[in-house]
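Contents: one structure, followed by commentary.
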Amino acid sequence: MAKKYQLTLALPDWVGPVARKCNKPLLDDERRMEFVLSLVEENIARKTGGPFAAAVFAQDTGKLISVGVNIVQTSNCSITHAEMMALSLAQQSLGSYDLALVGEGGYELVSSTEPCAMCLGALAWSGIVRLVCGARDNDARAIGFDEGDKPNYWMALLERRGIKVIEDVLRDKSVELLQLYAEEGGEIYNSKQS
């Protein structure tokens, strides 16, 4: 008889109530990023993961589809980055592994920090049409995170695939949260890979 393998991942209990507070459409990049950064603040304060969060929104309406926070340490799973969690939950919620196949107007990912190498790869296959970022790759690296090997022209690669990239939305606040995490002694996992 074949052995069954199963992986179950869950966001921290506090995420659902915080996400439900976002009960009206967020109509611009700054409001969407403010919401994502509130998730980062909670994740740091509650010590439930790293200083990263992301959310998937319907691009045209601003409706929140899913959220994700980094739970690498608490899940003991290196792929549980905020972007990966938000994209996976959106795909599950909408019933498609390809977000381009469902809904009209497209979906976007709003992320507190530019994607690492792993998340960059996932973006290309997720079906999103837009990526909005707060902090930059070098901001995460500045506190010790290993963002992996990404080409310098990663934005052009996404845009060639039809994914528009917007940088530096509330970057100062995003960087403050990264620095707060480091100052409070948050674990900088994978730093030995740098």
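The environment of CG in Asn138 is crowded: more than 12 heavy-atom neighbours from other residues, nucleotides or ligands sit within 6.0 Å. No more than 12 heavy atoms of other residues, nucleotides or ligands sit less than 6.0 Å from atom CZ of Arg31. Counted within 6.0 Å of NZ on Lys150, heavy atoms from surrounding residues, nucleotides or ligands total more than 12; the atom is thus considered enclosed. Within a 6.0 Å sphere centred on CD of Glu159, other residues, nucleotides and ligands contribute more than 12 heavy atoms.
Interatomic distance, Leu157 CG to Leu120 CG, rounded to the nearest 0.5 Å: 7.5 Å. Put simply, OH on Tyr107 and CG on Asp60 are 10.0 Å apart, with the number rounded to the nearest 0.5 Å. Between the CD atom in Gln73 and the CD atom in Glu187 there is a gap of 5.0 Å [rounded to 0.5 Å]. Rounded to the nearest 0.5 angstrom, Leu177 CG and Asp139 CG are separated by 11.5 Å. Distance CH2/Trp14 to CD/Glu42: 5.5 Å, rounded to 0.5 Å. Between the CZ atom of Arg171 and the OG1 atom of Thr113 there is a distance of 10.0 Å, given to the nearest 0.5 Å.
One finds no salt bridge joining Arg141 and Glu114 here, because no Lys/Arg side-chain nitrogen approaches an Asp/Glu carboxylate oxygen to under 4.0 Å. Taking the charged nitrogens against the carboxylate oxygens, Glu108 and Lys164 have no contact shorter than 4.0 Å, which rules out a salt bridge. Ionic pairing of Arg46 and Asp13 is not present here: no N-O contact between side-chain nitrogen and carboxylate oxygen is shorter than 4.0 angstrom.
Between Val69 and Met85 the shortest side-chain heavy-atom distance does not fall below 4.5 Å. Taking 4.5 Å as the limit, every side-chain heavy atom of Asp29 sits out of range of all side-chain heavy atoms of Val110. Side-chain contact check for Leu123 versus Leu87: some heavy-atom pair is nearer than 4.5 Å. Proximity of Ile128 to Ile163: side-chain heavy atoms (C-beta onward) are separated by under 4.5 Å at one or more points. In this structure, Val132 and Arg32 have side chains that are not in contact, with every pair of non-hydrogen atoms separated by 4.5 Å or more.
One side chain, Asn70 or Tyr189, offers a donor N or O that lies under 3.5 Å from an acceptor on the other. Defined by atom type and a distance below 3.5 Å, a donor-acceptor pair is missing between the side-chain atoms of Thr48 and Thr74.
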(request) Show your reasoning for whether side chain to side chain contact (heavy atoms under 4.5 Å, CB included) applies to Leu158 and Leu131. (result) CA-CA 9 Å; Leu158 287 180; Leu131 169 65; 4.0 Å; yes
(message) One pair to check against side chain to side chain contact (heavy atoms under 4.5 Å, CB included): Leu39 and Phe52. What are the steps and the verdict?
(response) CA-CA 8 Å; Leu39 296 170; Phe52 307 100; over 6 Å; no
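Among the candidates Gln91, Glu83, Met84, the single residue satisfying the side-chain contact (heavy atoms from CB on, under 4.5 Å) test with Ser126 is Gln91.
Evaluation of the salt bridge (charged side-chain N to carboxylate O under 4.0 Å, His left out) rule for Glu147 yields no partner, not counting sequence neighbours.
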